[in-house]
Structure formats: C-alpha cells, structure tokens
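One structure below.
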Amino acid sequence: MKSLRPIVGVGLLHVVLTSPALAAQETPAPAGNRPVPRQTMPAATKSSVDETITVTASRLNLLGGAVSAAQGTITREELQLRPAYRVGQLLEAVPGLVVTAHSGEGKANQFLMRGFNLDHGTDLASFVDDIPINEVTHAHGQGYTDLNFLIPELLGSIDYTKGPFNATTGDFGVAGSDRVHLVDDMPTTISGSGGTLGDARFFTGGTAHFPNKDRLVGAFEIDHADGPWTYPDNFRAIKSAARYVHGTATNGFDLTGMYYRGQWRATNDQPLEAIQHHLISRFGSLDPSDGGFTERYSLSGHYRLGGDRRKWVTSFFADHSRLALWNNFTHYLVDPVDGDQFGQDETRTKVGGTASYMRTDLVGALRTETVFGLDGRYDTIFIDRRHTRQRVVLPTCPDSPYGGGLYVCNADNVQEGRVTGYVQNTTHWLPWLRTVVGLREEYYHGADHSLVTGYFGRVGQTLFQPKGSLIFGPWQKTELYLSAGRGFHSNDLRGVVGTFSGDRFLAGSVLAPLMTKAVSEEIGIRSTPLRRLNTQLAFWRIDFDSELMYDADEGVNEAGPPSRRQGVEFSAQYNPLSWVELNTDIAYSHARYRTHDPEYYGIGGTYVANAPNFIWSFGVILDNKGPWFGGLQVRWLGGYPLLEDNSLRAKGYREVNLDAGYRFSKRLKLTVSIFNLTNSHDNAIEYGYDYRITPMAQAITGATVHPLEPISARFALTLTL
C-alpha cells in the first residue's frame with residue numbers, strides 16, 4: 001500500500017464523537033443515557049441522497065459525518081444486548097477487537113486488534129467519563145488498562161476510532177481508542193444473577209430527580225466468580241458509583257464518583273509441558289498462590305457552555321489506586337529452590353483535565369468547524385517488585401541485575417506528567433469534498449528515584465503530531481477517505497532514564513525514548529449500498545519506531561525493534577427487519593519487525609510474537625419483537641506466532657456466546673446466557689518463553705496456555721421499578 005502522507009497532509013478534526021465539545025451538527029452523538037433504536041441520515045448529506053434512511057440499529061450510520069473510515073459509535077442498545085462473560089468483553093463491540101484473559105478475573109484483560117497483541121492495553125487508548133485508563137510506568141506493563149471497575153448498567157455508549165488519526169487522542173492511541181460514556185439517567189433497577197461456574201452478582205441502582213430537572217444517578221454492585229479452575233479464582237468485588245447531572249449536554253455540568261475493590265486468586269497461563277506430563281490438569285496451576293488485589297477511587301466531572309455555533313467544554317479527573325499482583329510465569333527457571341514468583345506493588349495518584357473550544361463559521365460560502373484544545377495529566381507513582389514464595393517476601397532477588405536490596409528487587413518513586421495543545425479544522429469545500437486537518441503538540445516530562453540504587457534520573461521530550469483526512473462524497477451513499485497521522489506510545493520511565501530496565505535495556509541494544517513515534521496511513525470506504533445495510537472497508541498500515549515486548553522474567557514491557565503492520569478491515573451491519581440486526585467484522589493483518597539483523601535486538605526472527613493475522617466476528621441482535629430479546633456472538637481469533645522465528649505457533653480460538661431473554665412485564669425480565677456454546681477446547685491466549693516446570697527439570701523454550709472457560713450458563717433476573 002503506497003504512502004498517503006503526500007496526499008493527505010496533516011491533521012484530523014474529531015468533531016463528531018469523542019468529546020461533547022466536538023459534537024458536530026451534522027451527526028448528533030447520542031446522549032449517554034439514551035439508546036438510539038432508530039437512526040437518521042445526517043442532515044448535511046440529505047441533499048446528496050434520495051431519501052432519509054431510518055432503521056432500527058445499534059451502531060450509528062456516520063455517512064456524511066465521519067472523519068475516518070474506521071470510526072464509529074456503539075450505542076447503549078447493543079451493549080445491553082451483547083453476551084459478555086466479563087465486563088471488559090463489552091469492548092468487543094468495537095469491530096476487530098478481541099478482549100480475552102490470561103489470568104484471574106480481577107486482572108486487566110488482554111486486548112488484540114490490528115495485528116497487535118496489546119497486552120493489558122498498550123496502543124489502545126481507553127477512557128471512561130474522559131478519565132484516561134491506560135497507566136504509564138506501571139508495575140505490570142506499560143499502558144495497563146483495568147476496566148473491571150465498570151458497572152455494565154451505567155454504560156451509555158462507546159465512541160471508537162482506529163489508527164492515530166484523531167488529534168484529541170495522544171498516548172496509546174496508535175492502534176485505536178475507545179471512549180466509554182456513562183448514563184445521565186436510569187430507572188430504579190434491582191438485578192441478581194448466578195452461574196454454573198460459581199459466579200454470582202447483585203446490582204441495584206436508579207435515579208433521583210429534583211424539581212429543577214437535576215438528576216442523581218446511583219449504582220452499587222457486588223460480584224463473586226470462581227471459574228472452572230482447579231484452584232477457584234474466588235474473585236470478590238464491590239463497586240459503587242454516584243453521578244450528579246445538571247442541565248443539558250450543551251449547557252450544564254456533571255460530577256461522578258466511583259469506587260472499586262477486588263481481590264482474587266489467579267490461574268495464569270501455564271506451561272503446556274506441565275499439562276502434557278500430567279503434572280497439572282488443563283485447568284490446573286503450578287503455583288496456586290498467584291493472585292492479586294486492587295482498589296480504586298475516582299472523581300471526575302464536566303462543565304459545558306455554548307450554543308449551536310460556539311461550545312466550551314472543560315473536564316477534570318482525580319484518581320487514586322492501589323494494586324498488588326503475585327505472578328509465577330517461569331516457575332523454577334531462575335530460582336530452582338524457591339521458585340520464580342514475584343510480587344508487584346503499586347500506589348498511584350493521577351490528576352488532570354481537558355479544555356476545548358469549538359466554533360462553526362462561514363467563510364464566504366465555505367462552512368468550517370474548528371476546535372482548540374488543551375489537556376494534561378500528572379501521575380505520582382510508587383512501584384516495587386519483590387521475590388516471593390506463596391506470597392511471602394523472600395530476602396533475595398536472584399534475577400535482579402542490581403542485586404536488589406533486602407527484601408526488594410526494585411523500588412521507585414516516579415513523577416510523570418504531560419501537557420498537550422491541539423488545533424483542528426474541518427472545511428466543507430464542496431458538497432462532495434471536505435478536509436480535516438490539525439496539529440497536536442505533546443510535552444512529556446518525568447523523574448524517577450530508585451530506592452534500591454539511589455540513582456535519580458529525569459527526562460523530557462516534545463513530539464509534534466500532524467494528522468489529517470481527505471474525504472470525497474457522498475456519491476450514491478458512498479464516501480472515500482484518505483487518512484494519515486503520527487501517534488505514539490510512552491515508554492516505562494524507569495527504562496528511559498536507566499533506573500530499572502529489562503535485559504534488552506541492560507544489553508544496550510535499544511535506546512528507549514520517552515515517546516516512541518508511529519506513523520499510519522489508511523484508505524477507506526463507507527457505504528450504504530442497500531437500504532438498512534451499512535458497510536465500512538479500510539486498508540491501513542502502521543510503522544512503529546520501536547515495538548513494546550513483554551519480558552516474562554521481569555513482568556514488564558520493554559522496547560524492541562521497529563515494526564510494520566498492514567492489513568484490511570471490513571465491517572457491515574444489516575437490519576432486514578425492524579427487530580433484528582446482523583453484523584459482521586473481518587480483519588486481516590500482517591506484522592513484521594523492520595530489521596535485517598534480529599540478533600542485534602536479541603530476537604531470533606522478524607515475526608512479531610502474539611500478533612494475530614485474522615479476526616472475524618458475527619453477531620445477531622434481537623429486540624422489539626414482543627417479549628423476546630437476545631444476542632448471539634461468534635468470535636474467531638486466527639493463529640499467531642509465539643516466537644520471533646515462527647518456530648512455535650498458536651492456532652487461536654473460536655467461541656460462541658448467546659443471550660436469550662424474556663420480558664414477563666415492563667418491569668420484570670429473565671436473561672439466560674450461555675458462554676462457549678460449542679464447548680470449544682481452544683486456548684484463550686498462548687505465549688512462548690523460557691521456563692522450568694520443576695526444580696530438576698530441564699529449562700526449555702515452550703508454549704504457555706490459558707484455556708477458554710468450558711460451556712457454562714448464567715441466569716439473571718431483573719426488576720425495573
């Protein structure tokens with residue numbers, strides 16, 4: 001695919017979906033609390049289309065209003081009807097995104113999209129109520145994205161983008177972004193569920209309405225889950241949220257507080273050799289003391305002021321969290337006596353906010369929309385890592401390159417912040433031609449003090465990010481998009497300043513900047529060839545200056561060689577009847593390292609480990625047909641290499657999930673969910689690295705696997721007052 005940079009130029013105006021401040025008149029975004037059961041062609045395109053298209057649909061048709069081919073909105077309606085084993089899997093509504101797990105239920109999920117194994121969230125920027133969820137310089141991996149605090153009933157809609165073409169999104173937004181909006185109103189609801197794998201849930205929530213039309217939304221949830229594991233997860237969680245809303249989406253404010261606490265035992269991915277030698281069962285664990293604990297408090301809010309042509313939006317967030325993880329991935333590889341379990345602890349406080357001003361103008365006969373924005377974030381972090389056995393801290397650290405201190409391998413106090421300014425413009429040159437151009441300038445700064453070595457380091461970096469789209473159409477209900485942009489992901493500050501790093505940093509083979517640059521191009525088509533059929537097709541490419549690689553020994557990400565990914569994605573949504581939707585998403589990608597000397601980087605080949613080359617999904621959503629409702633989801637994750645020389649591969653997995661519901665009345669409904677309907681014995685995720693399964697066993701480079709949960713059922717009864 002030829003580069004689009006000379007054609008497209010710079011910038012991308014995100015005026016439609018990702019911020020209330022940027023809600024363009026031509027494609028109104030749904031309010032967070034309102035499902036969008038019916039959608040209408042944007043007004044700006046009606047002159048080019050014979051008739052207005054009105055369908056029952058769960059995904060918005062953005063023809064005439066989108067700024068890239070792979071941009072979209074998932075409505076509350078779809079989120080309520082999709083079967084999801086865990087709350088994070090609701091993000092699989094984003095086309096081409098797989099959300100799975102390799103550990104216990106309380107740990108951040110694994111994300112795969114556009115040829116990336118995004119690990120726990122790197123290169124997929126996630127926001128909830130405009131709070132950035134990806135964590136920088138994290139104890140367990142750069143970009144760690146824990147969505148387990150979400151309460152499904154509070155989700156209003158999800159706006160998503162693919163590629164770094166959105167100037168309102170910076171760090172971790174190269175593969176894409178998702179922005180979860182919360183509801184502003186909900187009926188009083190009581191719900192309880194139980195499942196065949198030892199899972200149980202209770203939820204209650206509702207809205208208090210005041211005489212001045214202000215609303216106070218409250219929600220409370222408790223969870224328990226065991227799973228099929230030989231040593232049950234015994235996941236316990238408590239979640240609560242309160243949201244005060246005043247005024248409208250254009251003029252008003254909201255304030256949201258959330259709390260989450262969870263703890264669990266974890267059956268991590270296990271050595272395939274241990275299963276084949278019958279040391280453990282398929283659902284067993286060589287170290288049943290693995291697990292974790294997490295706690296999170298947050299406060300966020302928005303203030304909005306404006307009218308049809310001028311809009312101000314400001315937001316803020318304050319978030320405090322604690323995390324403790326115990327993981328034993330390599331078992332007896334490093335320490336044949338006590339084993340390789342390590343404990344990772346983190347305490348983090350982050351604060352920040354955004355401010356944006358949007359205006360719509362007429363310059364002669366040309367209509368333009370321009371947005372000016374600022375955003376910032378500051379993290380204060382304490383991180384440590386200790387050698388443990390059955391969660392008991394040991395006085396040694398055999399794998400520490402620095403020898404460690406008493407009872408600690410590494411410990412750091414980190415201060416890290418960024419500030420960003422951006423400007424974006426959309427100009428409608430002709431009824432069939434518009435351009436989106438913009439600039440984003442990011443300044444990152446950080447300081448790290450190692451409490452083990454005493455070393456103190458600081459670093460700063462600025463990155464200029466042009467982005468843009470050239471859009472032709474609509475013609476015959478079809479638009480063509482040419483998009484290009486620069487993005488980045490930040491790196492673990494400890495590796496950047498040299499206070500702590502993995503083996504590749506120590507070998508001096510990779511010099512990690514604070515911000516690793518990526519450039520992406522995309523050619524796409526959005527079309528409505530038939531009434532009630534919406535399609536999107538995109539050809540894309542992403543070049544990264546340095547790939548993030550996972551180090552199982554250290555339990556962190558570290559910088560690797562430059563990489564290139566390219567592929568094609570196709571999505572379609574069809575509503576043959578007013579009460580049924582069919583949707584499908586197909587994604588193919590090709591990922592390789594861009595180096596002629598893999599050994600220089602300490603890898604054995606040019607294949608990108610855990611980069612899937614094929615993702616397919618098919619879904620059915622049924623509603624508004626008498627008392628019955630439900631959803632079916634089929635997911636196929638294709639094969640991927642486990643090692644850079646492709647000598648070890650995973651075949652991926654196939655899974656079918658089903659929801660079937662019946663409304664006894666307007667207030668009472670029953671939902672039956674069946675997960676892994678075909679009882680697939682595939683693995684949810686696989687890795688390849690060195691391990692030793694017993695103290696006397698030979699160390700090998702082999703596969704580790706985490707199986708899909710077997711067929712199971714969950715029954716939920718919901719009362720709405």
Side-chain angles (χ1 to χ4, degrees), residues 1 59 68-72 74 78 82-86 88-102 109-126 145 158 160-163 174-178 520 522 524 535-542 563-573 582-592 607-620 631-642 646 649-657 675-678 680 682-687 706 708:
M1 180 169 56
R59 302 184 186 183
S68 69
Q71 169 191 344
I74 308 299
E78 177 167 353
R82 285 182 69 90
Y85 182 82
R86 51 184 64 90
Q89 287 182 316
L90 289 173
L91 285 188
E92 289 191 330
V94 175
L97 175 62
V98 169
V99 181
T100 185
H102 82 106
N109 297 133
Q110 297 277 263
F111 302 90
L112 301 100
M113 185 175 73
R114 284 209 163 181
F116 285 87
N117 174 14
L118 299 162
D119 195 46
H120 293 297
T122 302
D123 297 313
L124 176 65
S126 296
T145 302
I158 300 176
Y160 67 87
T161 62
K162 301 285 190 68
V174 173
S177 70
D178 59 85
S520 182
E522 182 177 285
T535 63
Q536 303 87 42
L537 175 68
F539 299 87
W540 56 270
R541 183 172 70 186
I542 299 174
S563 64
R564 167 169 289 179
R565 288 173 173 83
Q566 51 194 349
V568 58
E569 293 178 333
F570 173 77
S571 296
Q573 306 86 42
L582 309 177
N583 58 70
T584 188
D585 307 305
I586 303 171
Y588 171 80
S589 59
H590 180 270
R592 294 291 186 272
Y607 287 80
V608 179
N610 291 101
N613 58 13
F614 178 76
I615 295 173
W616 174 72
S617 70
F618 172 76
V620 180
L632 172 75
Q633 191 65 40
V634 181
R635 177 75 63 180
W636 180 4
L637 175 67
Y640 48 90
L642 299 181
N646 201 32
R649 291 187 60 86
K651 70 174 185 177
Y653 75 83
R654 304 178 190 185
E655 185 181 24
V656 180
N657 296 324
F675 304 106
N676 195 1
L677 182 63
T678 61
S680 167
D682 291 337
N683 293 312
I685 196 73
E686 298 184 36
Y687 296 96
H706 186 80
L708 285 172

- Message: Once rounded to the nearest 0.5 Å, what's the spacing between atom CG of D178 and atom CE of M113?
- Response: 8.0 Å
- Under the 3.5 angstrom rule, does the side chain of D119 hit a backbone N or O of G121 as a donor-acceptor pair? no
- Note on the structure: With L637 as partner, the option from V98, T100, N683 fulfilling side chain to side chain contact (heavy atoms under 4.5 Å, CB included) is V98
- Message: On a heavy-atom basis, which atom in A70 and which in E522 lie closest, and how many Å separate them?
- Response: N-OE2, 3.7 Å
- Message: D682 vs K651, test: salt bridge (charged side-chain N to carboxylate O under 4.0 Å, His left out). Steps then yes/no.
- Response: CA-CA 8 Å; D682 291 337; K651 70 174 185 177; 3.2 Å; yes
- Residue pair S520 / R541, side-chain heavy-atom distance below 4.5 Å: no
- Item | Gap separating the CZ atom of R635 from the CD atom of E92, nearest 0.5 angstrom | 4.0 Å
- Task: Determine the minimum heavy-atom distance between G115 and A611, stating which atoms define it.
- Result: O-CB, 3.1 Å
- Query: Can E655 and S680 be said to form a side-chain contact (heavy atoms from CB on, under 4.5 Å), step by step?
  - Reply: CA-CA 7 Å; E655 185 181 24; S680 167; 5.8 Å; no
- Looking only at non-hydrogen atoms, find the nearest pair between G88 and N109 and report the distance. CA-OD1, 3.4 Å
- Query: When rounded to the nearest 0.5 angstrom, what is the spacing between CG in L118 and CG in L112?
  - Reply: 6.5 Å
- Message: Can you list everything that forms a side-chain hydrogen bond (donor to acceptor under 3.5 Å, both in side chains) with E569? Sequence neighbours excluded, please.
- Response: R114, K162
- Query: At their closest point, which heavy atom of A538 faces which heavy atom of A69, and how far apart are they?
  - Reply: CB-CB, 4.3 Å
- Item | Listed partners of T145 passing side-chain hydrogen bond (donor to acceptor under 3.5 Å, both in side chains), at least two apart | N134
- How would you list, by chain and number, every residue that makes a side chain to side chain contact (heavy atoms under 4.5 Å, CB included) with R592, sequence neighbours excluded? H590, T606, Y607
- Message: Could you walk me through whether I542 and F116 satisfy the side-chain contact (heavy atoms from CB on, under 4.5 Å) test, starting with their C-alpha distance in whole Å, then the side-chain angles of each, then the deciding distance to 0.1 Å, before giving a yes or no?
- Response: CA-CA 11 Å; I542 299 174; F116 285 87; 3.8 Å; yes
- Value for CD1 (I685) from OH (Y653), rounded to nearest 0.5 Å, stands at 8.0 Å
- Set of side chain to side chain contact (heavy atoms under 4.5 Å, CB included) partners for L642, sequence neighbours left out: N610, Y640, L648, A650, E686, A703
- Task: With sequence neighbours excluded, tell me which residues meet side chain to side chain contact (heavy atoms under 4.5 Å, CB included) with W616.
- Result: T584, I586, F614, F618, V634, W636
- Side-chain contact test, heavy atoms from C-beta onward, threshold under 4.5 Å: evaluate it for S589 versus R565 and give yes or no. no
- Note on the structure: Rounded to the nearest 0.5 Å, the CG atom of L90 sits from the CD1 atom of I158 at a distance of 6.5 Å
- Working for side-chain contact (heavy atoms from CB on, under 4.5 Å), residues N657 and L632: CA-CA 6 Å; N657 296 324; L632 172 75; over 6 Å; no
- Task: For residues A84 and Q89, report the shortest heavy-atom separation together with the two atoms involved.
- Result: C-OE1, 4.0 Å
- Item | Heavy-atom pair of closest approach, residues A93 and E78 | CB-OE2, 3.8 Å
- CG on L91 to OG on S126, rounded to 0.5 Å: 6.0 Å
- For N613, the side chain to side chain contact (heavy atoms under 4.5 Å, CB included) test, sequence neighbours excluded, returns Y588, R649
